[in-house]
Amino acid sequence: MRSKAFDVPHRIVILGAGTGGTLVANRLRRLYQRKEASITVVDQDDRHVYQPGLLFVPFGLTHPEDIVRPRHRQLGGGIDFRQVPIERLDLDGSIVHLADGTSLGYDVLVIATGSRLQPEETDGLTGAGWMERVFTFYSPEGAAALGAALARFERGRLVVNIVDLPIKCPVAPLEFCFLADWYFHERGIRDQVQISFVTPLDGAFTKPVASKALATMLAEKDIELVTEFNTGKVDGANGKLISYDDREVTFDLAVVVPLHGGASYLTSAVGLVDELGFVLTDEHTLQSEARPNVFAIGDAAGVPISKAGSVTHFEGEALVENVRRFLDGKPLDASYDGHANCFIETGFSNALLIDFSYDVEPLQGHYPSSLGLPLLKESHLNHLGKLMFQWFYWHILLPGRQVPGISSAMPRAGKKDLPAPAVEGATKQQVATVDRG
Ligand SMILES: Cc1cc2nc3c(=O)[nH]c(=O)nc-3n(C[C@H](O)[C@H](O)[C@H](O)COP(=O)(O)OP(=O)(O)OC[C@H]3O[C@@H](n4cnc5c(N)ncnc54)[C@H](O)[C@@H]3O)c2cc1C
């Protein structure tokens, strides 16, 4: 590592200018003056998509162009933006090799390249019927094409399927079901459309209290729940999902969330990633297990909590502090607790809110304190919160601004039936709940 004693600025390189890369770059720029650190951010394109907005595109509630902004404009002054694909990493030499033949040396590397959709990994998914009767809303093109197909859909069976976990925002497919219920009601054809939610999980969600509440809501809205279905093949020509254990679910229109994996360049570094391509990362410090000068944030990090923008936001605070400590030669702060929260749109201008962490599952109560938004309960206020989040994302979260009253640690106040904090001295394996969602 270079030393400030020689008046040479630290070299910080951030891979990915999505949610995590952008907010970390902006926070670090505020922390360090230019003479103290150079900050370089690399991304393959200049289109920053507000991904939670993709949920609304198929229902005509927003348009793809309304949720995309130039990436470089989200980065503050004094941050170098390189628009070029990343090709490979040399961890021993602390060098990133880029597709244009150039390279970047670093003292600290932050990996924020998110997760990659892999529809081609499921037999038949991108074959007959792909983008005709089989869609995904997890990309802007997919969401727009699905919107056109939904508008043409008059009757039949709509199937929403998660191929496997982890996926980004594991509640988004459920939200899609709830919004579809609302959408067909609005069009006066709900009684002509069957909606099925087909999941590899043994319930509607990963955690018991939320899973029960969400399964009840699916039943109330007459949405079929098909569990423990591991999709092995999609037969678009005949309208069938086929599981590895030979069960079949028929469909007229399928909305499939494909397998997710880490960015492919990461596998160029031995020992950096797990079998899905996510960075092996200490869940409390966000330091990679492969090298002390490499950190990971957001979807790219293989930590046992949902892949969500809220998680990325809360991780950002801890990660920036640990980059500072690392560069100062100080012990890292191991306080990131896996804090996550998600608004779950339930249709008819209502939403639920869930708030949880590595140790605490989503519970009822209020957030961020007993006077806040209701948890695990449908409310119009939560729907307004979900809509407002887009403004919050561009103006507070990405610029890396501090939000008064909201901290990175999960608040315990306001939650009902909260278990006692983990016993002092317990290992993290003893207290953490493993959640690939
Ligand atoms: C439909 C949908 C709904 C969602 N809803 C919510 C929600 O309601 N709430 C919530 O909290 N989260 C939600 N999310 C999840 C949230 O958007 C992600 O978790 C978050 O954006 C992750 O941030 P990230 O920085 O890790 O990855 P990203 O923001 O995806 O950024 C990764 C970046 O890396 C770049 N990259 C990748 N590979 C390379 C390469 N080889 N070379 C150069 N650049 C590369 C990409 O171009 C991209 O810009 C949703 C996601 C989807 C898809």
Side-chain angles (χ1 to χ4, degrees), residues 13-25 41-58 62 67-68 70-72 74 81-89 96-100 110-117 136-140 142-143 146 166-176 179 255 257-258 260-268 277-279 286 296-303 305-316 319 339-345 351-355 382 385-387 389-390 392-393 397-398 437:
V13 172
I14 300 171
L15 303 182
T19 311
T22 303
L23 70 88
V24 161
V41 183
V42 184
D43 205 291
Q44 59 205 356
D45 62 53
D46 196 23
R47 284 168 52 81
H48 189 133
V49 179
Y50 171 67
Q51 297 178 51
L54 293 173
L55 171 70
F56 297 109
V57 170
T62 190
I67 56 171
V68 179
R71 289 192 193 285
H72 72 274
Q74 315 314 314
F81 178 60
R82 295 284 307 272
Q83 191 188 322
V84 54
I86 302 148
E87 204 158 76
R88 70 187 167 87
L89 299 181
V96 180
H97 293 276
L98 304 172
D100 61 2
V110 178
I111 298 175
T113 37
S115 43
R116 184 168 52 100
L117 303 183
T136 185
F137 64 99
Y138 268 50
S139 65
L146 174 57
I167 59 169
K168 302 191 237 197
C169 193
V171 294
L174 276 163
E175 296 181 276
F176 189 94
L179 280 177
V255 178
V257 181
H260 284 39
S264 48
Y265 76 89
L266 289 169
T267 55
S268 62
F278 297 115
V279 179
L286 303 171
I297 185 169
D299 295 355
V303 294
I305 199 70
S306 297
K307 297 198 178 299
S310 64
V311 169
T312 311
H313 175 208
F314 297 133
E315 285 174 344
L319 186 141
H339 186 200
N341 54 33
C342 305
F343 288 107
I344 306 176
E345 193 67 17
L352 296 179
L353 176 63
I354 55 175
D355 189 61
N382 286 337
K386 174 108 185 168
L387 296 187
F389 193 74
Q390 182 164 353
F392 178 85
Y393 182 84
L397 191 146
L398 289 186

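Numbering of ligands and ligand atoms starts at 1, following listing order. Side-chain atoms are counted along with the backbone in the values below, which use heavy atoms only and exclude waters and symmetry mates. Quick caveat, the model's predicted, so the values are computed rather than measured.
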Considering only heavy atoms of [X], which atoms of ligand 1 have at least one such atom less than 4.0 Å away?
X    : value
G298 : 26 (O)
F137 : 1 (C)
Y265 : 41 (N)
Y138 : 1 (C), 53 (C)
K307 : 19 (O)
P85  : 42 (N), 43 (C)

For [atom], the protein heavy atom that lies nearest, with its residue and separation:
atom                    : answer
atom 16 (C) of ligand 1 : G309 N, 3.5 Å
atom 24 (P) of ligand 1 : G20 N, 4.0 Å
atom 28 (P) of ligand 1 : Q51 NE2, 3.8 Å
atom 31 (O) of ligand 1 : G18 CA, 3.3 Å
atom 21 (O) of ligand 1 : T19 OG1, 2.8 Å
atom 34 (O) of ligand 1 : T113 CA, 3.3 Å
atom 50 (C) of ligand 1 : C169 CB, 3.4 Å
atom 44 (N) of ligand 1 : Q44 N, 3.2 Å

Exercise for the section: Step through it carefully: locate the ring centre of Y138, locate the ring centre of H260, and say whether they are under 6.0 Å apart. Expected result: yes
Practice task
For the pair H339 and F314, name the ring-plane relationship: parallel under 30°, tilted 30 to 60°, perpendicular over 60°.
Solution key: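 Ring orientation of H339 relative to F314: parallel.
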Exercise for the section: Measure up the F389 and Y50 rings against each other and bin them: parallel (under 30°), tilted (30 to 60°), perpendicular (over 60°). Expected result: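 The arrangement is tilted - the two ring planes meet at 30° to 60°.
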Practice task
Would you please test L15 and V110 for side chain to side chain contact (heavy atoms under 4.5 Å, CB included) and show each step?
Solution key: CA-CA 6 Å; L15 303 182; V110 178; over 6 Å; no
The one among [options] that brings a heavy atom closest to [atom]:
atom                    : options             : answer
atom 38 (N) of ligand 1 : A300, G316, A263    : A263
atom 48 (C) of ligand 1 : I111, I14, D43, L23 : D43
atom 42 (N) of ligand 1 : I297, V41, I86, T22 : I86

Handout entry: CA sep, side-chain torsions, deciding dist, call: V42, I14, side chain to side chain contact (heavy atoms under 4.5 Å, CB included)
Key = CA-CA 6 Å; V42 184; I14 300 171; over 6 Å; no
Problem - Per-residue contact class, K386 against ligand 1 - non-hydrogen pairs under 4.0 Å - result: side chain
Fill in the blank from the handout: Note: R71, heavy atoms under 4.0 Å from ligand 1, region reported as side chain
Completion exercise
Which of D43, D45, D100 passes salt bridge (charged side-chain N to carboxylate O under 4.0 Å, His left out) with R82? Answer is D100
Handout entry: Trace of the side chain to side chain contact (heavy atoms under 4.5 Å, CB included) decision for E175 with K386
Key = CA-CA 12 Å; E175 296 181 276; K386 174 108 185 168; 2.8 Å; yes
Problem - V84 versus A99, closest heavy-atom pair with distance - result: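 Closest pair (atom of V84, atom of A99, distance): CG2-N, 3.9 Å.
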Problem - S310 N/O under 3.5 Å from ligand 1 N/O - result: yes
Donor-acceptor contact below 3.5 Å, side chain [X] vs main chain [Y]:
X   : Y   : answer
D46 : H72 : yes
R71 : A17 : yes
T22 : T19 : no

Problem - Note, P52 side chain near F343 side chain (heavy atom, < 4.5 Å) - result: no
